[in-house]
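Below is one structure, written out as structure tokens, with a few remarks after it.
First the proteins, then the strands, lettered A, B, ... as listed; each starts at 1. Just so it is clear, the values below take in all heavy atoms, side chains as well, and ignore hydrogens, waters and symmetry mates.
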Amino acid sequence: MSSQKPSIPKGTRDFSPAEMVRRNFIFDVIRNVFQVFGYQPIETPAMENLSTLMGKYGEEGDKLLFKILNSGNYLDGLPEAESGMRDAGSRLVHLTRHIAEKGLRYDLTVPFARFVVQHQNDLVFPFKRYQIQPVWRADRPQKGRYREFFQCDVDVIGSNSLLNEVELGQIIDTVFSRLGINVLIRLNNRKVLAGIAEAIGAPDKLTDITVAMDKLDKTGMDKVVDELIERGITYESVEKLQPILTLEGKIKEKFDTLTSFFANSTIGQKGIEEMRIVLQHLKDLDLKNKFDFDITLARGLSYYTGTIIEVKALDAAMGSICGGGRYDDLTGIFGLPGMSGVGISFGADRICDVMSELKLFPETLQAVSRVLFVNFGTEEEKYCLKQLADLRKAGIPAELYPDPSKLKKQMEYANRKNIPFVILVGKDEMEQGQMALKDMRSGEQKICTPGEVKQILSW
RNA sequence: GUGGUCGUAGCUCAGUUGGUUAGAGCGAUAGAUUGUGGAUCUAUAGGUCGUGGGUUCAAGCCCCAUCUUCCACCCCA
């Protein structure tokens, strides 16, 4: 029989017990914060109908969707004409439509929008929900980038109030404070970006402008100007844009400059006003982490319409570990117009990477028994089983070695698993109704009554 | 999708201009020690050198393809 080398798909990972303990620590903190802020959990299927997912993430997004081949003979009913399609690109699109109708979810926001529309009659609005589940992207893996990763989303839908933005800011601040990660929280507003596009006389080039602007901190002004020209922005417009790009200093000064810049742009004024309100509230709340207004922040999927948020770790080189924003009409495409929502997504895997790099995990994180009963044989087993049940009833994680193996082997087992205590019960101890409790750290061992054991272990 | 990079024992890695039977450390297993782990000593096991082709008298080493790892771009958590 030939054996194959075991492996998993590119960009996916197994998680060992030690890793799971750390991951669960993060999930627990995040879930706890979400709940304290009054959000309710939901889950949606790993796969969605492709029609739900396609076209929601831009051209690039469609390419990154994992598509699921139809079951059965998926070539059945393939129109003959398809094979005659001239270029491979459009042939692929048409083919895909016939052989795949499901795809793995790309994020949690679009499935959430679908969920809201589908269950609108059962939901109470504004609906505050959180969702912690894996998503899949057919990206090339690299640092902090996986093909399967967990997002932790919080959204509130059905409310235009900027208080929701403020609340999300508090959630971000609380989560990262609890995890011990220093972060910079950058805010911007799509309306400000639209205002800029309008003010420089290129309102139709919003996307091109934002994509180019976003690279400012990475590539520098020259490259950004090059790209703007390349994307068809006129010299005149670029010239008007430049002083805005280099805007620095206090938030208040930025506001002042932009307010005059937006003299003839109502949408720009609206954006500034929104930013002012959100940032003022956040300032009054006196949070631990720094919030900044950054007009070069353009990220976020194409469906964002208002506030956009991005969070980066200050002490580690890693992409954004949390991001989100407001979307005014995501449910519109599913037939429920006029429903504004705002939400953010924490990238659990990147947060985990950052915390590992910075050694921020508590050392006490472990998922092992507190005590191991050594197995001496049939008689002793029976006795230990009862003691074991008692300890477990008291909430003490405990286990009995399943085989009457050599003592050395059993002790080594406890040692390697980092089980801090071992209980040895042989004939003598059984007769006396006592147990030998050994501290694996110090090596000390003493005879105890069951009550004493419970007391020592329940510490 | 574009560009680069890695792959030799369970793990971390040596391996000369292509030349006999591919090595080390750690780990694993067994024993020294039949009711006591970590330390020490001894012995043992473990590799179709990522995979498939090619060049050569001869390939871990050279060439091609492919998969995988990691990194950058694009984009993003």
Practice item. Mind checking the CD1-CZ spacing from A:I30 to A:R178? Nearest 0.5 Å is all I need. Key: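 Going from the CD1 atom of A:I30 to the CZ atom of A:R178 covers 11.0 Å.
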Between the side chain of [X] and the main-chain N/O of [Y], is any donor-acceptor distance below 3.5 Å?
X      : Y      : result
A:K312 : A:R186 : no
A:Q410 : A:S405 : yes
A:D139 : A:P141 : no

To the nearest Å, how far apart are [X] [atom1] and [N] [atom2]?
X      : N     : atom1 : atom2 : answer
A:R147 : B:U68 : CZ    : C1'   : 12 Å
A:I447 : B:U36 : CD1   : C1'   : 13 Å
A:E60  : B:U2  : CD    : C1'   : 12 Å

Review point. Which pairs with one or both residues in residues 204-213 of chain A pass side chain to side chain donor-acceptor pair (under 3.5 Å), sequence neighbours excluded?
Key: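 Non-adjacent pairs meeting side chain to side chain donor-acceptor pair (under 3.5 Å): A:D208-A:R231.
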**Study point:** Residue pairs, two or more places apart or on separate chains, that pass side chain to side chain donor-acceptor pair (under 3.5 Å) and touch residues 356-365 of chain A
**Key:** A:R22-A:S356
Considering only [options], which nucleotide approaches the side chain of [X] most closely?
X      : options             : answer
A:R137 : B:C75, B:U36, B:A77 : B:A77
A:K215 : B:C75, B:U2, B:U36  : B:C75
A:K10  : B:U68, B:C75, B:A77 : B:U68
A:K143 : B:C71, B:C75, B:G37 : B:C71
A:L424 : B:A77, B:C75, B:U36 : B:U36
A:A436 : B:G35, B:G37, B:C74 : B:G35

For [N], take OP1 and OP2 only and decide whether either is under 4.0 Å from a side-chain N or O of [X].
X      : N     : answer
A:R350 : B:C76 : no
A:K406 : B:A30 : no
A:Q142 : B:A72 : yes

Exercise for review: Would you kindly compare A:E227 and A:R140 by the position of their nearest RNA chain B nucleotide and give the one closer to the 5′ end?
Suggested key: A:R140
With a 4.0 Å cut-off, would you call [X] and [Y] a salt bridge?
X      : Y      : value
A:E412 : A:K409 : no
A:D439 : A:K446 : no
A:E48  : A:K56  : no

Quick one: which protein N/O atoms are closer than 3.5 Å to N/O atoms of nucleotides 5-11 of chain B? Pair and distance per line, please.
none

Check your understanding: Would you write out the dot-bracket form of RNA chain B, 5' to 3', with Watson-Crick and G-U pairs under 3.5 Å, [ ] for crossing pairs, | for pairs to other strands and . for unpaired bases?
Key -> ((((..(..((((.....[...)))).(((((.......))))).....(((((..]....))))))..))))....
Revision key, fill the gap. With sugar-phosphate taken as primed atoms, P, OP1 and OP2 and all else as base, the protein-contact string of nucleotides 38-47 of chain B at under 4.0 Å (heavy atoms; B, S, -) is B---------
**Study point:** Residues A:K254, A:D292; criterion salt bridge (Lys or Arg N to Asp or Glu O under 4.0 Å); working and verdict
**Key:** CA-CA 11 Å; A:K254 291 182 188 174; A:D292 192 24; 3.8 Å; yes
Review point. Would A:D349 and A:R13 satisfy salt bridge (Lys or Arg N to Asp or Glu O under 4.0 Å), going step by step from the backbone distance to the final call?
Key: CA-CA 11 Å; A:D349 304 79; A:R13 297 151 300 157; 2.6 Å; yes
Point to revise | Residues from residues 373-389 of chain A lying under 4.0 Å of RNA chain B - heavy atoms | key: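 Result for residues 373-389 of chain A: none.
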Review point. What do you reckon, are the aromatic ring centroids of A:Y383 and A:F373 less than 6.0 Å apart?
Key: no
Practice item. Would you please test A:D153 and A:F112 for side chain to side chain contact (heavy atoms under 4.5 Å, CB included) and show each step? Key: CA-CA 10 Å; A:D153 274 36; A:F112 172 55; over 6 Å; no
Point to revise | Ring-base stacking, A:F346 with B:A77 (5.5 Å, 30° cut-offs) | key: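 No, A:F346 does not stack on the base of B:A77.
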